[in-house]
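Structure first, commentary second.
Not measured: the values here are computed from a predicted model.
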Amino acid sequence: MAMWRAAARQLVDRALGARVAHTSAVSKKIVGVFYKAGEYADKNPNFVGCVEGALGIRNWLESQGHRYIVTDDKEGPNSELEKHIEDMHVLITTPFHPAYVTAERIKKAKNLELLLTAGIGSDHIDLPAAAAAGLTVAEVTGSNTVSVAEDELLRILILVRNFLPGYQQVVQGEWNVAGIAHRAYDLEGKTVGTVGAGRIGRLLLQRLKPFNCNLLYHDRLQIDPELEKEIGAKFEEDLDAMLPKCDVVVINTPLTEKTRGMFNKERIAKMKKGVIVVNNARGAIMDTQAVADACSSGHIAGYGGDVWFPQPAPKDHPWRYMPNHAMTPHISGTTIDAQLRYAEGVRDMLDRYFKGEDFPAQNYIVKEGQLASQYQ
């Protein structure tokens with residue numbers, strides 16, 4: 001904790017110190033959309049990913065003459081975000097409380113130049129429309145990959161070991177070992193397949209190796225042979241051939257037009273009966289009702305994740321009420337550690353933007369009208 005307090009102090013010091021050698025000649029209007037912390041805002045000095053924390057960059061931006069508006073009010077024609085769309089230059093959004101940047105909003109945003117994602121995953125933006133409008137879209141690549149991979153491993157274990165009914169028994173004053181044990185298993189020896197083996201997928205495979213699982217992965221690209229051998233994972237070119245082999249399926253692919261609704265009723269039927277599914281990628285990759293139906297029938301023995309569509313999830317979303325789920329709000333990538341990383345990444349890209357410098361190449365999602373390869 002002391003290390004991260006020091007990191008937070010360093011972030012603030014950089015913001016306040018010396019007024020920064022470079023001062024932008026032109027004042028920019030920057031809008032940030034984050035979740036509101038409310039009563040939790042003061043619980044942790046490193047809690048920078050919320051409205052109240054504002055990524056820890058307010059003083060730095062305002063010291064250079066820029067305007068910085070931060071809100072959680074993002075939906076509808078009368079929202080706070082909508083009031084600023086026409087004249088903002090930069091919009092900072094986050095996957096955890098996404099401001100859906102539609103083609104209509106892009107058309108209204110006459111001054112908009114830059115869309116930044118505080119985190120990873122920019123599918124809440126109409127990327128073709130952004131490209132057509134000549135906008136730059138970038139995210140803080142790698143900022144929360146460890147956070148998400150750790151959370152995926154957690155959810156796998158929670159579901160495989162049938163942990164949640166046991167917890168609920170304790171809270172409710174009950175004690176029924178059989179009610180838990182009849183569907184609790186070891187992870188060792190099970191076949192785990194990840195759909196997508198990018199940064200998060202590879203980290204998950206590495207963390208699963210000590211559990212002595214049979215590891216499979218499907219991706220458009222095969223990972224480095226040496227790393228593949230080190231992890232002990234096998235490449236599966238055909239997704240539909242991999243799915244029936246898996247006791248656990250983890251979704252680690254970005255949301256694109258190709259992957260939207262990828263796991264529909266027909267594809268879910270190809271999975272092994274009693275499969276565990278974990279999805280921390282994007283909710284819209286799944287057919288919402290098909291997942292709920294498969295959990296109700298027992299074809300999916302447990303479904304866990306933190307991503308929904310839309311977000312925040314409405315109170316009547318069927319995933320809230322389906323059996324054997326381990327769902328939470330979208331939290332896996334917004335640990336305090338991740339917040340400090342993506343706050344620093346946003347600050348760095350804003351600094352480069354003011355100076356007219358390029359961003360790190362891996363951060364670009366749209367540049368000069370071209371979409372990054374994973375979104376094509």
Side-chain angles (χ1 to χ4, degrees), residues 75 95-96 98-104 117 120-131 148 152 155 193-198 200-201 216-221 236-244 246 248-273 275-314 316-330 332-333 365 371-376:
E75 302 297 339
F96 316 106
Y100 294 103
V101 184
T102 61
E104 181 182 2
T117 298
I120 56 175
S122 298
D123 48 87
H124 53 283
I125 299 167
D126 186 326
L127 296 175
V148 176
E152 289 176 341
R155 290 177 204 263
T194 175
V195 183
I200 295 170
L216 308 176
Y217 73 95
H218 168 78
D219 201 292
R220 59 193 178 87
L221 299 173
E236 295 277 343
E237 187 173 2
D238 186 338
L239 173 61
D240 291 331
M242 181 184 84
L243 293 177
C246 297
V248 179
V249 174
V250 186
I251 312 302
N252 276 310
T253 188
L255 176 63
T256 67
E257 288 311 306
K258 289 183 179 178
T259 63
R260 187 179 299 275
M262 172 188 282
F263 282 85
N264 54 20
K265 181 179 179 180
E266 291 72 28
R267 181 155 273 141
I268 289 171
K270 295 177 181 179
M271 296 183 184
K272 183 184 293 188
K273 182 174 173 55
V275 67
I276 297 294
V277 179
V278 171
N279 177 18
N280 280 7
R282 288 295 181 267
I285 293 171
M286 317 300 289
D287 180 316
T288 298
Q289 193 59 51
V291 169
D293 291 344
C295 285
S296 296
S297 72
H299 191 83
I300 293 178
Y303 183 91
D306 69 334
V307 288
W308 310 67
F309 184 79
Q311 290 186 183
D316 62 351
H317 196 292
W319 291 358
R320 290 181 182 269
Y321 309 106
M322 64 189 183
N324 303 316
H325 78 75
M327 294 298 297
T328 66
H330 195 167
S332 64
I365 302 302
L371 273 67
S373 59
Q374 66 266 35
Y375 286 102
Q376 291 178 4

Would you say D123's side chain and L255's backbone share a donor-acceptor pair under 3.5 angstrom?
no

In terms of heavy-atom contacts, V307 and N280 come closest through CG1-O, 3.8 Å

dist Q374:CD -> S122:OG (nearest 0.5 Å) comes out at 9.0 Å

Of all heavy-atom pairs linking D126 and A129, the shortest is OD1-N, 3.1 Å

For K258 and Y375: C-alpha separation, side-chain torsions, deciding distance, then whether side-chain contact (heavy atoms from CB on, under 4.5 Å) applies. CA-CA 9 Å; K258 289 183 179 178; Y375 286 102; over 6 Å; no

Counting C-beta onward and ignoring hydrogens, is there a side-chain heavy-atom pair between I125 and T117 closer than 4.5 Å? yes

Can we call the ring centroids of H330 and F96 under 6.0 Å apart?
yes

In terms of heavy-atom contacts, does CD of E104 have more than 12 from other residues, nucleotides or ligands at under 6.0 Å? no

Scanning both residues in full, the closest heavy-atom pair of G333 with V148 reads CA-CG2, 3.9 Å

So does I268 get a backbone contact from the side chain of H299, meaning a donor-acceptor N/O pair under 3.5 Å? yes

For M242 and H218, the nearest pair of non-hydrogen atoms, with its separation, is SD-N, 3.9 Å

In short, L216 meets C246 closest at the heavy-atom pair CD1-SG, 4.2 Å

Interatomic distance, CE@M322 vs CD1@I300, rounded to 0.5 Å, equals 7.5 Å

For the residue pair D306 / T328, report whether a side-chain donor-acceptor contact shorter than 3.5 Å exists.
no

- Under 3.5 Å, is there a donor-acceptor pair between the side chain of T259 and the main chain of P254? yes

When D287, N279, V277, L243 are each screened for side chain to side chain contact (heavy atoms under 4.5 Å, CB included) with F263, the one that passes is L243

Minimal heavy-atom distance between C295 and P323, with the atoms involved, is O-CG, 3.5 Å

Exercise for the section: Report yes or no: is the cationic atom of R282 (NZ for Lys, CZ for Arg) under 6.0 Å from the centre of the six-membered ring of W308, at an angle within 45° of the ring normal? Expected result: no

Report yes if the side chains of F309 and T288 come closer than 4.5 Å at any heavy-atom pair, otherwise no. no

Check: So, D240 and R267, do they make that salt bridge, N to O below 4.0 Å?
Finding: yes

Rounding to 0.5 Å, atoms CD1 (I285) and CD1 (I251) come to a distance of 7.0 Å

Side-chain heavy atoms of I276 within contact of V249, under 4.5 Å | no

Here the gap from L127 atom CG to I365 atom CD1, rounded to the nearest 0.5 Å, amounts to 7.5 Å

- Message: A side-chain contact here means heavy atoms from C-beta on lying under 4.5 Å apart; do M262 and L239 qualify?
- Response: yes

Taken to the nearest 0.5 Å, the spacing of R220 CZ from S373 OG works out to 4.0 Å

Exercise for review: Start with the C-alpha gap between Y303 and R155, add the side-chain angles, then the distance that decides, and say whether side-chain contact (heavy atoms from CB on, under 4.5 Å) holds.
Suggested key: CA-CA 9 Å; Y303 183 91; R155 290 177 204 263; over 6 Å; no

query = Under the side chain to side chain donor-acceptor pair (under 3.5 Å) criterion, do T194 and N252 qualify, and how do the steps go?
reply = CA-CA 6 Å; T194 175; N252 276 310; 3.0 Å; yes

>> Taking the basic N atoms (NZ, or NE/NH1/NH2) and the acidic carboxylate oxygens, is any pair closer than 4.0 Å for R260 and E257?
In response: yes

